[in-house]
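Along the sequence shown, the residues carry numbers beginning at 1. Ligands are counted one by one from 1 in listed order, and the atoms in each one are counted from 1 as well.
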Amino acid sequence: MTAQSNAATVKIFDTTMRDGEQSPGAAMTLEDKVELGRILEQMGVDIIEAGFPAASNGDFEAVRAVGGVLQNSILCGLSRASPKDIERCAEVIRSAPRGRIHTFISTSPIHRKHKLNMSQEQVLDAVTASVTLARNFTDDVEWSAEDATRTERDFLRRCVEAAIKAGAGTINIPDTVGYSFPDEYRAIFEDLIANVPGADSVVFSSHCHNDLGLAVANSLAAVQGGARQIECAVNGLGERAGNAALEEIVMALRVRGEDLPFQTAVDPAHLMRASQTVSRITGFPVQYNKAIVGKNAFSHESGIHQDGMLKNTQTYEIMRPEDVGQGATSLVMGKLSGRHAFKNKLEELGYALSDNALADAFHRFKELCDRKRHVFDEDIIALVDDQIAHADAAIQVTRLRVVAGTDGPQTAEIDLLVNDEQVWKTARGAGPVDAIFNAIKAAAPHEATLELYQVQAVTEGTDAQATVSVRLSANGRSVSGRASDADTLVASARAYVAALNRLVALQGRSGDANAAA
Ligand code: KIV
Ligand code: ZN
């Protein structure tokens, strides 16, 4: 891996909590955002876009809470080109030592006509007015031209010039619909930097969507064209097909540092942890063959590859798993392992639990050892992530019994703790999972509908833990829940309840009755 000590720097702007959260089912609670904000800062992310403060009181509070835990990273909030949005944003960024207002307006003809119903001159006036207002609150203002890549080049130049004149220090040129090819995107930056007055005094930024699978390639092309900030998201989360994946950008710049001599401040050893945290929070599984952070990213199955790897790992690996925080799978302690060894293992995996949480995790680990012959690092990670996700939840599964098999009827009997009150219900269903979900609905009545149910094995073998993801939707909002257990049906019940808890939490957070359970 190449580390270029004298290479120029590219800033990493993370938008997992803003553009990423706009992905259906990826809604995050305030606590989720605070946890993720801490990890991103620890990792060395320069700017953290934590949300859209004017969207709701809940969004406002969540962005403010993230700011409260930041010391080095810049806290950023998004705002439309409206005074109300910008003022809300200005208020919230004060919670961090350093704050940025990010204001945007669409510039393309199709957006101007169908979305804004504004002329070119009106858009230009809005650019000047929004950036000028934002500059009254902070020196750090970013301006974005939404759908920049489908904007007439002449007009884009005029908009960028207006934003720079009004005081924007960062100019973002988003490929909002993921339409560009790398050479086209690079040429836009080269053109703007060469031809717009004042361009040499600002930082140009890329923001690429992945509709054609080109987001990372386009972001790197932007850097070749002069961009010095890349907007990206962990696991490539974002609207539709997502944004450029942060982990891929960081590693591409490191591994190919000799050809693209730019460095970032991100410590790649945190990439795996960030990826798994985002996956747990959103309930979106990471694709097995996902670059850098996928389960198979460093696996070698074929005999020829394995032979090469044994002789020299560089035969088939351009980076080492440990560089990105993917520990080699190792067998961990079994039944006889003590609390001290367990605590050391957690620390090695990047967890710092309180004494009480450690005691709970150790208890669950011992239970797992009774049910599963070999316990791997992945099992420990699933177990602890599961515990963190379900701690202090309003609704908890305390007992489950299921009757399934060929003879039916499939029946589930469930005990739920709902706001500290024990509720028992039984229900039938078309199968065991259906019966469980019906029983939960009887015990905690709600209007949400099931959008997705998915099971994944954490490791190999029939005694593997199952990780179940459930997506529920209510009032136009979808949320995901995830749970892991050696018993797939128990994991199913807990995943459903986790999603339900998230709906309840978001209902509290939104203050606009957006989410209802
Ligand atoms: O994709 C986009 O254009 C955006 C802007 C708001 C920056 O997300
Ligand atoms: Zn976007």
Side-chain angles (χ1 to χ4, degrees), residues 11-24 26 28 46-55 59 63 74-82 85-86 88-89 93 100-112 114-116 118 123 126-127 130-131 134 140-151 155-156 159-160 163 168-180 184-185 188-189 192 202-216 218-219 222 227 229-246 249 278 282:
K11 289 182 198 301
I12 294 295
F13 176 116
D14 178 273
T15 187
T16 313
M17 294 192 260
R18 197 278 298 167
D19 212 313
E21 197 192 20
Q22 286 170 216
S23 186
M28 299 177 196
D46 299 283
I47 302 111
I48 299 176
E49 188 169 53
F52 196 163
D59 283 329
V63 178
I74 295 174
L75 173 71
C76 180
L78 183 70
S79 57
R80 286 163 296 197
S82 84
D85 272 35
I86 293 168
R88 275 307 256 171
C89 208
I93 59 166
R100 170 179 296 186
I101 297 177
H102 177 190
T103 179
F104 75 99
I105 190 164
S106 292
T107 51
S108 68
I110 189 163
H111 279 222
R112 289 196 314 262
H114 298 287
K115 191 178 132 178
L116 300 177
M118 283 168 86
V123 168
V127 173
S130 56
V131 175
D140 192 347
V141 174
E142 171 169 336
W143 177 77
S144 284
E146 192 184 8
D147 205 15
T149 53
R150 293 192 299 171
T151 300
F155 182 57
L156 185 60
C159 288
V160 169
T170 304
I171 300 291
N172 185 32
I173 306 296
D175 185 25
T176 303
V177 291
Y179 178 76
S180 247
E184 292 166 353
Y185 197 51
I188 297 177
F189 284 87
L192 295 173
V202 298
V203 172
F204 277 82
S205 171
S206 70
H207 177 111
C208 298
H209 280 269
N210 206 29
D211 300 66
L212 293 174
L214 292 170
V216 170
N218 283 339
S219 306
Q229 173 180 289
I230 299 179
E231 304 197 357
C232 46
V234 176
N235 295 343
L237 202 67
E239 285 271 11
R240 305 180 312 279
N243 283 92
L246 180 147
I249 301 277
V278 168
T282 58

**Prompt:** Which residue from H207, E146, E142 reaches closest to atom 4 (C) of ligand 1 through any of its heavy atoms?
**Reply:** H207

**Message:** Is there a polar contact between ligand 1 and H209, counting only N or O atoms under 3.5 Å apart?
**Reply:** yes

**Request:** Return yes or no for this condition: an N or O of D19 is under 3.5 Å from an N or O of ligand 1.
**Result:**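 It does: an N or O of D19 is found under 3.5 Å from an N or O of ligand 1.
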
**Request:** Please work out whether any backbone atom (N, CA, C, O) or any side-chain heavy atom from C-beta onward of T176 is under 4.0 Å from ligand 1, and answer side chain, backbone, both or neither.
**Result:** both

**Request:** Answer with yes or no whether the side chains of E49 and T15 bring together a donor and an acceptor at under 3.5 Å.
**Result:**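 Note: T15 and E49 side chains meet the donor-acceptor criterion.
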
**N/O/S from D19 sitting under 2.8 Å away from the Zn ion (ligand 2)** =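 Looking at D19, which is the residue asked about, there is an N, O or S atom under 2.8 Å from the Zn ion (ligand 2).
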
**Message:** For a 4.5 angstrom cut-off between non-hydrogen side-chain atoms, does I47 reach H102?
**Reply:**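 Side chain of I47 against side chain of H102, heavy atoms only: no contact under 4.5 Å found.
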
For [Y], is there any backbone N or O sitting under 3.5 Å from a side-chain donor or acceptor partner on [X]?
{"X": "H209", "Y": "N243", "answer": "no"}
{"X": "T151", "Y": "L156", "answer": "no"}
{"X": "D147", "Y": "V177", "answer": "no"}

**Request:** Name the closest protein heavy atom to atom 5 (C) of ligand 1, giving the residue it belongs to and the distance to 0.1 Å.
**Result:**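 I find the closest protein heavy atom is R18 NH2, 4.0 Å.
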
**Message:** As an exercise, identify every atom of ligand 1 less than 4.0 angstrom from a heavy atom of P174.
**Reply:**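 Reading through ligand 1 atom by atom, the close ones are 2 (C), 3 (O).
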
